[in-house]
Enquirer: 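First, the structure itself, so that you have it in front of you.
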Amino acid sequence: MVIILTSRATEQDIEDLSRRITAMGYRPHVSRGEARTIIGAIGDDRGKERLQALQALECVEAVVRILQPFKLASREAHPENTLIKVDGVTIGGEKVVVMAGPCSVESREQLLAVAEKAKAAGASILRGGAYKPRTSPYSFQGLEEEGLKLLAEARKRTGLPVVTEVLEPEKVPVVAEYADIVQIGARNVQNFSLLKRVAECGKPVLLKRGMATSVQEWLLSAEYILSGGNPNVILCERGIRTFETSTRYTLDLNAIPVVKKLSHLPVVVDPSHGTGHWEYVAPLAKAGIAAGADGLLIEVHPKPEEALSDGPQSLKLEKFEQLMGELKLLAQALDRTL
Ligand code: PEP
Ligand code: MN
């Protein structure tokens with residue numbers, strides 16, 4: 001249930017309502033929007049009559065039942081777009097936020113070359129995996145903490161905040177210590193113990209859609225993080241499995257307007273994993289923005305032919321720069337910035 005306050009409600013009213021909601025056995029979740037404040041009452045719907053009675057208070061406009069199974073993630077509970085601020089970068093606003101970098105952090109030289117080019121070309125965030133979820137145990141597994149240190153060095157050098165993946169609950173503290181945004185990969189979207197841990201890590205979370213996860217399941221995974229106390233979730237569409245084999249996955253562009261309608265959370269698109277081929281990254285990056293995504297996640301490598309992971313889908317530095325120029329024009333046409 002959500003309690004929608006009138007525009008005249010005061011801080012004192014919010015405190016008083018939160019106390020009443022807690023006393024009824026619910027957990028209050030306050031969302032302060034520009035126009036009005038909404039309080040989510042998290043818990044079992046069986047006591048809903050008592051919550052509905054709160055409508056008698058002058059500061060309460062309405063008490064409504066959220067119909068979606070995901071509550072805090074739903075637009076019903078939070079009509080305005082969520083803006084997530086990471087070190088001066090706002091995700092979810094008019095700026096198209098580009099997160100770029102190698103699939104895996106491989107060396108200082110490799111990472112700094114990409115980081116500097118990404119910065120110069122107008123990217124806002126540096127990506128790079130230090131712990132890699134590889135299909136084969138014989139594939140490169142990542143530089144681990146050494147990779148995190150290199151990411152921190154690249155951030156210091158360029159000023160770009162960094163996003164990097166965490167694979168296991170035990171590693172959440174160390175990854176959150178170095179990362180500005182913690183990534184949950186497609187393979188872990190329903191690893192609920194990991195979701196509960198990142199809910200407590202104090203950093204925004206980039207939550208990738210699983211390759212066989214419906215939009216509803218994906219938003220319920222986001223709900224784990226939100227209900228665990230972390231309001232800063234960025235969704236990332238990265239392609240799903242279909243019968244089509246000419247690309248690595250099928251980038252589900254439908255999901256962007258669908259999620260935008262259902263949820264207030266920002267959504268970014270990953271055309272690199274979504275297609276698996278560098279030639280298709282630029283057209284799908286543009287399509288993602290045209291479909292309403294808040295940003296992009298793009299793999300870039302100085303020598304894709306020597307990459308230790310995802311070389312075939314990585315853009316060379318010059319190709320990335322060229323794409324950024326094209327995206328600037330597209331952003332302008334859509335009344336956005338880049
Ligand atoms: C990645 O970002 O490099 C990655 C492993 O992505 P996904 O989880 O989408 O496969
Ligand atoms: Mn990758």
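As the structure lists them, so they are numbered: ligands from 1, and atoms in each ligand from 1. If you read the sequence from its start, that first residue is 1, and numbering goes on from there.
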Enquirer: Below 3.5 Å, can you tabulate the donor-acceptor pairs from side chains in residues 111-121 to any protein atom, sequence neighbours excluded?
Expert:
from, atom 1, to, atom 2, distance (Å)
Glu116, OE2, Arg157, NH1, 3.2
Lys117, NZ, Glu321, OE1, 3.3
Lys119, NZ, Thr158, O, 3.3

Enquirer: Could you tell me whether ligand 1 has any atom less than 4.0 Å away from a heavy atom of Arg209?
Expert: no

Enquirer: Using a 4.5 Å cut-off between side-chain heavy atoms of Ile, Leu, Val, Met, Phe, Trp and Tyr, which other residues end up in the same hydrophobic cluster as Tyr138?
Expert: none

Enquirer: Tell me the contacting part of Met211 for ligand 1: side chain, backbone, both, or neither, using a 4.0 Å heavy-atom threshold, strictly below.
Expert: neither

Enquirer: Enumerate the protein N/O/S atoms at a distance below 2.8 Å from the Mn ion (ligand 2), ignoring waters.
Expert: Cys103 SG, His273 NE2, Glu299 OE2, Asp310 OD2

Enquirer: Please list the nearest protein heavy atom to atom 6 (O) of ligand 1 with its residue and the distance rounded to 0.1 Å.
Expert: Lys208 NZ, 2.9 Å

Enquirer: Out of curiosity, is Gly129 lining ligand 1, as in a heavy atom under 4.0 Å away?
Expert: no

Enquirer: To which protein heavy atom is atom 8 (O) of ligand 1 closest, and what is the distance rounded to 0.1 Å?
Expert: Ala186 N, 2.7 Å

Enquirer: Keeping the roles fixed (side chain from Arg75, backbone from Pro79), state whether a donor-acceptor pair exists under 3.5 Å.
Expert: yes

Enquirer: Do Arg238 and Tyr249 form a cation-pi contact, if we require the NZ or CZ to be under 6.0 Å from the six-membered ring centre and within 45 degrees of the ring's axis?
Expert: yes

Enquirer: Give every donor-acceptor pair under 3.5 Å between a side-chain atom in residues 327-338 and any protein atom, sequence neighbours left out.
Expert:
from, atom 1, to, atom 2, distance (Å)
Arg336, NE, Glu94, O, 3.1
Arg336, NH1, Ala293, O, 2.7
Arg336, NH2, Gly93, O, 3.4

Enquirer: Give me the residue, atom name and distance of the protein heavy atom closest to atom 4 (C) of ligand 1.
Expert: His273 NE2, 3.4 Å

Enquirer: Give the residue and atom name of whichever protein heavy atom lies nearest to atom 2 (O) of ligand 1, and the separation in Å to one decimal.
Expert: Arg127 NH1, 2.7 Å

Enquirer: Near Glu244 CD, under 6.0 Å, is it more than 12 heavy atoms from other residues, nucleotides or ligands?
Expert: yes

